[in-house]
Novice: 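Submitted below is the structure of interest, expressed as structure tokens.
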Amino acid sequence: MQAPRSPQRIRKHWQAGLAHAEARRWTAAATAFEQASALAPDDANVWTQLADAQRRSGRTDHAIAAASRAFALDSGSPAACRLLADCLATQHRHAEAAACYEQLEPAAPRDAGFLSAHGIALFNAGRHREAIDVFFLSLAQKIDAPLVHYRLGLTFMELAMKEEACECFRTAAVLDDGSIRAMALTLLVHESAQVCRWHGLADDVASLRDAISRVPPAQGHLLSPFALVSIDASPVEQRHVAAARSQALARTVTPLPAPVTPRAPGRIRIGYLSSDFYRHATAQLMADLLEQRDTTRFEVVLYCHSRDDGSELRARVLAACDRVVDVSALHNAAIAERIRHDGIDILVDLKGHTRNSRFEVLAARPAPVQVSYLGYPGTTGADFLDYVVGDPVVTPLDAAAHFSEKIAQMPWSYQPNDRQRALPPTPTRAACGLPPDALVLCCFNQTYKLIPETLDAWARILHGAPHAVLWLLAWNEPAERHLRAELLQRGIDNTRVVFAPKVSVSDHVARLRNADLFLDTWPCNAHTTASEALWAGVPVLTYRGQTFASRVAASLARATHTEDLVCDTVDAYVAKALALAGNTAALHAIQQRLHAQRFELPLFDTPATAAALEALYVRMHDRHLAGLRPDHLPAAV
């Protein structure tokens, strides 16, 4: 027989729940509200409080059920609506989260904060144009909300409306003097670089550095270490910002307890965590590496939170592994628990501080050995990552102080490559819009890697080689427009600048063979773009800096025996380009050597690269089994 519903008992549990919530004792609060909900099953407020307590105590599935009940009982409650949407977003169920807001009764009040949350739900669901409309509704109520201006900028970014995005970020930076200012300046600098709008950029970079230094440790997770990769930031600055972000993320994560029993013996289990298992540069580099692995010694599991683009490349990567675990809809704690349950020996993060990373998973310490590789060109600053895979050029041992991880060196280059990729027939120069007899100097890097100093150097080269043209990637229309104007100011007529449209990777590699020399950028070098050029037989001229990202092309040069194209000053870079422009026979000899020896060069010897990486994994695993702490692993001779 059901006990009578006593208002006094309901109030007692309700008040107990509120007291526990006030003291942030979320598990106890959830228990009290559960007792109240059993006595008052039709009270939407009780279910809302229960859902909030369950969410804060990490019981997301239960929170979704309770919030759904609350919203069903009161479809005019903005609080229940937003709470349900927030819980769904925690599990990356963004389409469902956005739909919640549409189910709220039309007459229900929607304040500026609610509308901002609705906008970000639409943003995460990929409904960007609708998100813009909702953000403007939010700003109509509170025009001076820096976070909404920032989110509006993010949305314009997704729609490739980069100049509009810049204006939003600049407004957000003006309106805030804390962490939002740092976030907004980060993207203002990046997006200004993407469109090559350099007026005032030096001042913005200085403001960004100042803003970053003022962000309190508790808000370090809002920083973007990647922003420092493409500006002239020192290794010390890069480590500082990466560590601030990693430490802040780790504060919100409860590490998993140490395993009670060792896992059963067998092959070494390698887990790769990434959102880039689709038509992406990381997958391009990894595909053949995974296919060449030693299946008798290693079991490989992909923890995939990538979009399924249906591409042949994605299918290739997934087929090359023993198992694929789709973790797209799992929250970070659940992913960590799954990795621990699977008995992964070495967890390899392929994202670092880049977009769509699930970096918090590693903070839970789901694997005994954790490694940063390939996706992020620098230190993660995390004390929960044991190793960073590099090589003697990008991660020399004398730079160890700039890395929180121990350095594990590949013998040649850290970068794997796909020797299976096609080298299609080359289109004519005329088909590419290039003069038939000109010296073609190219750079197909994204425009955010271009800086005024690089363009200064290129202009010097073009003035000294009047028979040369500059072949660039048409990344976006504003960048093309601004670059033409910048080069014209440097005395370079627009007839000497050719912009190539974005095409498929195979078509790009095919057209690359019309170039004579690839001019690299700094402080962020070409990465995959450089190896594509080398695969096509195009030499890469680079200027080596002090950071990982500024030494990648030098690493690739070492692995293709073209070290004489690595320069240590800008003047040397310009002089080398002019020397090659004046000695086309020498330049063509390098091209022919790259083409003829392609399969023998270390950079493209994928079986040897796979074996070298696996040898590093064995050394890491053996140290762990021996009870030894991680230590630097110099390149094997």
Side-chain angles (χ1 to χ4, degrees), residues 266-272 274 276-277 280-302 312-324 345-346 348 350 371-375 387-395 408-424 505-506 509 527-528 530-537 540 552 555-563 593-622 633-637:
R267 294 182 294 170
I268 299 175
R269 267 184 212 150
I270 310 294
Y272 288 101
S274 182
D276 294 335
F277 300 130
H280 183 277
T282 297
Q284 288 174 224
L285 298 175
M286 289 284 294
D288 199 21
L289 180 79
L290 293 170
E291 291 168 343
Q292 298 300 321
R293 66 191 178 86
D294 183 349
T295 58
T296 65
R297 299 182 68 192
F298 297 91
E299 179 183 350
V300 171
V301 183
L302 297 188
E312 180 183 348
L313 180 60
R314 175 181 168 85
R316 228 181 116 190
V317 169
L318 270 54
C321 302
D322 293 285
R323 284 183 290 144
V324 178
D345 298 303
I346 301 175
V348 183
L350 298 172
V371 180
S372 174
Y373 180 46
L374 194 61
Y387 296 97
V388 56
V389 175
D391 60 53
V393 175
V394 294
T395 54
Q409 292 180 332
M410 296 282 279
W412 287 95
S413 177
Y414 80 103
Q415 189 191 88
N417 269 275
D418 182 8
R419 63 176 184 164
Q420 307 297 332
R421 66 180 145 194
L423 192 58
V505 173
S506 59
V509 172
H527 290 46
T528 309
S531 56
E532 287 168 346
L534 292 163
W535 176 255
V540 175
V552 170
S555 165
L556 305 184
R558 179 173 179 268
T560 52
H561 307 313
T562 56
E563 294 99 320
R593 189 169 71 247
L594 283 170
H595 181 72
Q597 298 178 1
R598 188 166 65 251
F599 288 104
E600 288 74 45
L601 294 170
L603 184 62
F604 303 118
D605 188 348
T606 317
T609 300
L613 182 61
E614 289 171 346
L616 280 180
Y617 289 158
V618 169
R619 292 165 72 184
M620 297 172 189
H621 185 59
D622 286 349
L633 303 177
V637 179

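In this text, all values refer to a predicted model and were calculated from it rather than measured experimentally. By convention here, the first residue in the shown sequence is residue 1.
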Novice: Less than 4.0 Å between a side-chain N and a carboxylate O, is that true for E614 and R293?
Specialist: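 Not counted as a salt bridge, because no side-chain N and carboxylate O are separated by less than 4.0 Å.
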
Novice: How many angstroms lie between atom CG of D322 and atom OG1 of T295, to the nearest 0.5 angstrom?
Specialist: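 Nearest 0.5 Å value for the CG-OG1 distance: 7.5 Å.
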
Novice: How far apart are the closest heavy atoms of P416 and L374, and which atoms are they?
Specialist: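 For P416 and L374, the tightest heavy-atom pair comes out as CD-CD1, 3.6 Å.
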
Novice: Just verifying a value: how many Å separate R297 CZ and I268 CD1, rounded to the nearest 0.5 Å?
Specialist: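 So the CZ of R297 and the CD1 of I268 are separated by 6.0 Å.
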
Novice: Check for a donor-acceptor pair, side chain of R267 on one end and backbone N or O of T296 on the other, with a separation under 3.5 Å.
Specialist: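 Checked: no pair found.
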
Novice: Mind listing the closest non-hydrogen atom pair of A610 and L289 along with its distance?
Specialist: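 In this case the closest contact between A610 and L289 is CA-CD1, 3.6 Å.
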
Novice: If you define the side chain from C-beta out and look only at heavy atoms, does anything of T609 sit under 4.5 Å from F604?
Specialist: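 Counting from C-beta outward, T609 and F604 never come under 4.5 Å.
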
Novice: Ion pair present between E563 and R558, side-chain N to carboxylate O less than 4.0 angstrom?
Specialist: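 No, E563 and R558 are not salt-bridged.
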
Novice: Would you please name every residue forming a side chain to side chain contact (heavy atoms under 4.5 Å, CB included) with D622, sequence neighbours left out?
Specialist: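 If we apply the side chain to side chain contact (heavy atoms under 4.5 Å, CB included) test to D622, skipping adjacent residues, the hits are V618.
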
Novice: Just jot down the side chain to side chain donor-acceptor pair (under 3.5 Å) partners of S555, sequence neighbours excluded, or say none.
Specialist: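 Here the qualifying residues are D391, S413.
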
Novice: Ignoring hydrogens and geometry, is there a side-chain-to-backbone donor-acceptor pair from Y373 to Y414 under 3.5 Å?
Specialist: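 Yes; judged by distance alone, with no hydrogens or angles, the pair exists.
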
Novice: Can you tell me how far the CD1 atom of I270 sits from the NE2 atom of H621, to the nearest 0.5 Å?
Specialist: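 Result: 8.5 Å between the selected atoms.
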
Novice: What closest approach, in Å, do A530 and V540 show between heavy atoms, and which atom pair accounts for it?
Specialist: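 Nearest pair, atom of A530 first, then V540: O-CG2, 3.9 Å.
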
Novice: Search all heavy atoms of H527 against all heavy atoms of L556 and return the closest pair with its distance.
Specialist: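 Heavy-atom minimum between the residues: O-CD1, 3.6 Å.
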
Novice: Report the residues that fulfil ring pair (Phe, Tyr, Trp, His ring centres under 6.0 Å) with H561, sequence neighbours left out, ordered by chain and then residue number.
Specialist: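 H561: ring pair (Phe, Tyr, Trp, His ring centres under 6.0 Å) contacts with W412.
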
Novice: At their closest point, which heavy atom of P411 faces which heavy atom of A612, and how far apart are they?
Specialist: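 That would be CD-CB, 3.6 Å.
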
Novice: Is there side-chain contact between R269 and F298, with at least one heavy-atom pair below 4.5 Å?
Specialist: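 Side-chain contact under 4.5 Å: no.
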
Novice: Any donor-acceptor pair under 3.5 Å linking the side chain of Q409 with the backbone of A635?
Specialist: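 Checking the backbone N and O of A635 against the side chain of Q409, a donor-acceptor pair under 3.5 Å is found.
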
Novice: I'd like to check R323 versus L302 (side-chain heavy atoms, cut-off strictly below 4.5 Å). Are they in contact?
Specialist: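 With C-beta onward as the side chain, the pair stays apart.
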
Novice: Who pairs with R314 by salt bridge (Lys or Arg N to Asp or Glu O under 4.0 Å), at least two apart in sequence or on another chain?
Specialist: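 So R314 forms a salt bridge (Lys or Arg N to Asp or Glu O under 4.0 Å) with D308.
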
Novice: Just jot down the salt bridge (Lys or Arg N to Asp or Glu O under 4.0 Å) partners of D276, sequence neighbours excluded, or say none.
Specialist: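 With sequence neighbours excluded, D276 shows a salt bridge (Lys or Arg N to Asp or Glu O under 4.0 Å) to K351, given in chain and number order.
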
Novice: Do you know which of T560, N417, L423 makes side-chain contact (heavy atoms from CB on, under 4.5 Å) with W535?
Specialist: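 The single option meeting the side-chain contact (heavy atoms from CB on, under 4.5 Å) with W535 is L423.
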
Novice: Which pair of non-hydrogen atoms, one from T395 and one from G390, has the smallest distance, and what is that distance?
Specialist: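 Nearest heavy atoms, T395 then G390: OG1-CA, 3.2 Å.
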
Novice: Are Q284 and D418 packed together at the side-chain level, in the sense that at least one heavy-atom pair is separated by less than 4.5 angstrom?
Specialist: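 No - every pair of side-chain heavy atoms lies 4.5 Å or more apart.
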
Novice: With sequence neighbours left out, write down each residue that passes salt bridge (Lys or Arg N to Asp or Glu O under 4.0 Å) with R419, or none if nothing qualifies.
Specialist: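 Residues passing salt bridge (Lys or Arg N to Asp or Glu O under 4.0 Å) with R419: D288.
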
